[in-house]
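Data first, discussion second: the structure below is written as structure tokens.
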Amino acid sequence: MEERINIFLADLESQKKEVLKIYSSLDSKVNELRKNINNEDLTNSLAYKLHNLYSAYEDMFKLIAEFFENQIEGATRYHIDLLRRMKIRINGIRPNLLSDESFNLLDELRGFRHLFRHAYGYELEAERIIRVTEKAMTLKKIFEMDFELFVNSIIGKDDR
């Protein structure tokens with residue numbers, strides 16, 4: 001069992017690195033957009049990175065759900081159900097990954113990703129993209145603490 005947990009934790013850490021890599025790109029792009037607020041290409045690029053950020057988080061959530069065999073059924077509400085599942089502690093199975101604060105910020109990011117994916121004729125507003133990015137940057141700090149608590153709880157350093 002220890003080997004299986006070590007593999008899971010390595011996969012989880014790898015996915016966290018993907019999330020952090022996207023954050024690095026977000027940080028530089030949002031600073032560029034603030035200087036050039038009318039740049040449509042930068043606006044679209046930043047929005048795409050925000051879309052990718054939520055997707056990377058969701059990939060992490062899938063890893064957790066698959067490892068602990070608590071898959072989410074049904075395609076219609078899959079994304080919100082998966083996110084909600086990460087907020088709850090499942091007694092005897094796993095700790096919660098997300099605090100209420102990170103859940104709320106991730107839910108906003110999930111909503112933005114949905115809009116981005118489905119609003120084909122919609123023109124993105126630079127100011128809104130900047131606000132969503134600022135919230136995502138706030139999420140980064142909170143999530144890093146949540147992630148550490150989650151991992152420590154799994155390896156027995158915390159009894160969340």
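Just so we're clear, the structure is a prediction, and the values are computed from it rather than from any experiment. Position 1 is the first residue of the sequence; numbering continues from there.
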Of Arg110, Arg113, Arg84, which meets side-chain hydrogen bond (donor to acceptor under 3.5 Å, both in side chains) against His79?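 Per the side-chain hydrogen bond (donor to acceptor under 3.5 Å, both in side chains) rule, the option paired with His79 is Arg113, out of Arg110, Arg113, Arg84.
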Nearest 0.5 Å, what's the [atom1]-[atom2] distance between [X] and [Y]?
X: Leu12; Y: Leu97; atom1: CG; atom2: CG; result: 7.5 Å
X: Met86; Y: Asp81; atom1: CE; atom2: CG; result: 11.0 Å
X: Asp146; Y: Ser99; atom1: CG; atom2: OG; result: 3.5 Å
X: Ser102; Y: Asn96; atom1: OG; atom2: CG; result: 8.5 Å
X: Tyr23; Y: Phe143; atom1: OH; atom2: CZ; result: 8.0 Å
X: Ile130; Y: Leu33; atom1: CD1; atom2: CG; result: 4.0 Å

Tell me whether the count of non-hydrogen atoms from other residues, nucleotides or ligands lying under 6.0 Å of NZ in Lys135 goes above 12.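 It does not: Lys135 NZ has 12 such atoms or fewer within range.
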Are more than 12 heavy atoms, taken from residues, nucleotides or ligands other than Glu101, located less than 6.0 Å from that residue's CD atom? no
Can a donor-acceptor pair be found, under 3.5 Å and without considering hydrogens, that links the side chain of [X] to the backbone of [Y]?
X: Gln15; Y: Tyr57; result: no
X: Asn104; Y: Asp100; result: yes
X: Thr133; Y: Ile129; result: yes
X: Thr43; Y: Asn39; result: yes
X: Arg94; Y: Ile88; result: yes
X: Ser24; Y: Leu20; result: no

Test side chain to side chain contact (heavy atoms under 4.5 Å, CB included) on Val132 and Glu108; report intermediate values, then the result. CA-CA 8 Å; Val132 173; Glu108 283 189 54; over 6 Å; no
Closer than 4.0 angstrom, basic N to acidic O: yes or no for Lys21 and Glu18?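 A salt bridge links Lys21 with Glu18.
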Tell me, with the steps shown, if Met145 and Lys141 meet side chain to side chain contact (heavy atoms under 4.5 Å, CB included). CA-CA 7 Å; Met145 290 185 292; Lys141 295 171 188 144; 5.6 Å; no
Start with the C-alpha distance between Glu13 and Val151, add both sets of side-chain angles, then the distance that settles side chain to side chain contact (heavy atoms under 4.5 Å, CB included), and finish with yes or no. CA-CA 9 Å; Glu13 187 61 38; Val151 169; 5.8 Å; no
Relative to each other, are the rings of Tyr48 and His51 parallel, tilted or perpendicular (30° and 60° limits)? parallel
Test side chain to side chain contact (heavy atoms under 4.5 Å, CB included) applied to Arg34 and Asn31, step by step: CA-CA 5 Å; Arg34 283 185 182 115; Asn31 289 329; 3.0 Å; yes
Where is the tightest heavy-atom contact between Leu109 and Tyr54, given as atom of each residue plus distance?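 Smallest heavy-atom distance, with atoms named: CG-CB, 3.9 Å.
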Evaluate the side-chain proximity of Leu115 to Arg128: yes if any heavy-atom separation is below 4.5 Å, no if none is.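 Sidechains of Leu115 and Arg128: in contact.
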Taking [Y] as the starting point, is it possible to reach [X] by hopping between hydrophobic residues whose side chains are less than 4.5 Å apart?
X: Leu82; Y: Leu139; value: yes
X: Ile142; Y: Val19; value: yes
X: Leu124; Y: Leu50; value: yes

